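Keep in mind it's a predicted model, so treat the numbers as computed, not measured. Note on naming: letters A, B, ... go to the chains in the order of the sequence lines (proteins, then strands), and numbering restarts at 1 for each one.
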Protein chains: 2
Amino acid sequence: MPHMTKYQGPGLTELRRGVVEYCVMSMLSKEEMYGFQLVETLASHDGLVTSEGTMYPLLGRLHDAGLVNTNWRQEGSNRPRKYYSLTSAGRAALESFRNDWARFRDTVDKVLSISGE
Amino acid sequence: MPHMTKYQGPGLTELRRGVVEYCVMSMLSKEEMYGFQLVETLASHDGLVTSEGTMYPLLGRLHDAGLVNTNWRQEGSNRPRKYYSLTSAGRAALESFRNDWARFRDTVDKVLSISGE
DNA sequence: CATGATACCTTGTCTGACAAGGTTTGACCA
DNA sequence: TGGTCAAACCTTGTCAGACAAGGTATCATG
């Protein structure tokens, strides 16, 4: 059963926008990973499902922007994999986003709870 | 100085996607508001700046989806304003989103802090 | 050597944010 | 009266990014 994609409502798709990118960078800041692995790992986190059609173009953009490096590597007898790692520019961008995210998150929390009491 | 739009980096634009919609609904759940007022109120919240070019189509979509009602009303000698209020379907959608948001927020928090310790 | 799984990538479609316009209404003032 | 201004509405066109649905290459296993 190839090309399986877990469906999640339309609302969540929009939520992921502009965040998945940095989730990927955050994972890469911990260890080198390859595209397919990133898709699977994200899917294991609640609400972060993506597909390869999202991931590969995304990784391409990060690379073009100089935020990640790539290198092909073969482990054992597996087929070669293209590993991504964070550049220092990537690390800086990630750090900056962590601030943006915290502010944004707090704002949304506040606005969404306006009605409740 | 008409049509002024505060510029915020490109990253934040994507963040707002899929969230502003529910921020609007949350505000409407508290009290009726009109479009222009919503733009100004959102702008007063950190990271939620939008423009009229975003707001009016958004309100139109909410209306088409049956999530909000509208009624023109004139207060004093002001020009008439188109007030929006939440329908019960809107209230349900908002409540559902509050759950989605909480889960999503927690996931992102977790992933973003992977590297830090 | 056929099949299946892994792993890469591309094309096309759709949604929604935004810039940059435009229109209407009423207040204010000369 | 008529000109200007701001409030308030709306539309058009452009762009980015998510995703579905394909395709291709490599390797293990039967």
Can you find a side chain N or O atom of [X] that sits less than 4.0 Å from OP1 or OP2 on [N]?
X: B:Arg16; N: C:dC18; value: yes
X: B:Thr13; N: C:dA17; value: no
X: B:Ser51; N: C:dA17; value: no
X: A:Arg73; N: C:dA7; value: no

- Query: Taking A:Thr107 for the side chain and B:Asp46 for the main chain, is one N or O donor matched with an acceptor at less than 3.5 Å?
  - Reply: yes

- Message: Determine whether a donor-acceptor pair (N or O, by modelled atom type, separation under 3.5 Å) exists between the side chain of A:Ser26 and the backbone of A:Tyr22.
- Response: no

- Query: Which of parallel (below 30°), tilted (30 to 60°) and perpendicular (above 60°) describes A:Tyr34 and A:Tyr83?
  - Reply: perpendicular

- Side chain of B:Arg61 (C-beta onward), nearest among D:dT11, C:dA7, C:dG16: C:dG16

Every protein N/O within reach of nucleotides 25-29 of chain C N/O, cut-off under 3.5 Å:
unit_1	atom_1	unit_2	atom_2	d
C:dG26	O3'	B:Ser77	O	2.7
C:dA27	OP1	B:Ser77	O	3.1
C:dA27	OP1	B:Ser77	OG	2.7

Gap between atoms [atom1] and [atom2], on [X] and [N] respectively (whole Å):
X: A:Asp64; N: C:dC9; atom1: CG; atom2: P; answer: 12 Å
X: A:Leu15; N: C:dT15; atom1: CG; atom2: C1'; answer: 14 Å
X: B:Glu14; N: D:dC19; atom1: CD; atom2: P; answer: 12 Å
X: B:Met55; N: D:dA7; atom1: CE; atom2: C1'; answer: 16 Å
X: B:Phe36; N: D:dA6; atom1: CZ; atom2: P; answer: 11 Å
X: B:Glu52; N: C:dT24; atom1: CD; atom2: P; answer: 16 Å
X: B:Leu12; N: C:dG16; atom1: CG; atom2: P; answer: 20 Å
X: B:Tyr34; N: D:dC10; atom1: OH; atom2: C1'; answer: 16 Å

- Query: Contact class for A:Gly53 vs. all strands (heavy atom < 4.0 Å): base, sugar-phosphate, or nothing?
  - Reply: base

Validation row: [X], [Y] side chains within 4.5 angstrom (heavy atoms):
X: B:Cys23; Y: B:Leu42; result: yes
X: B:Arg103; Y: A:Leu12; result: yes
X: B:Lys82; Y: B:Arg73; result: no

- Item | A:Leu58 or B:Tyr83, whichever maps to the more 5' nucleotide of DNA chain D | B:Tyr83

- Message: Could you work out, with side-chain contact (heavy atoms from CB on, under 4.5 Å) as the rule, every residue matching B:Ser96, not counting sequence neighbours?
- Response: B:Asp100

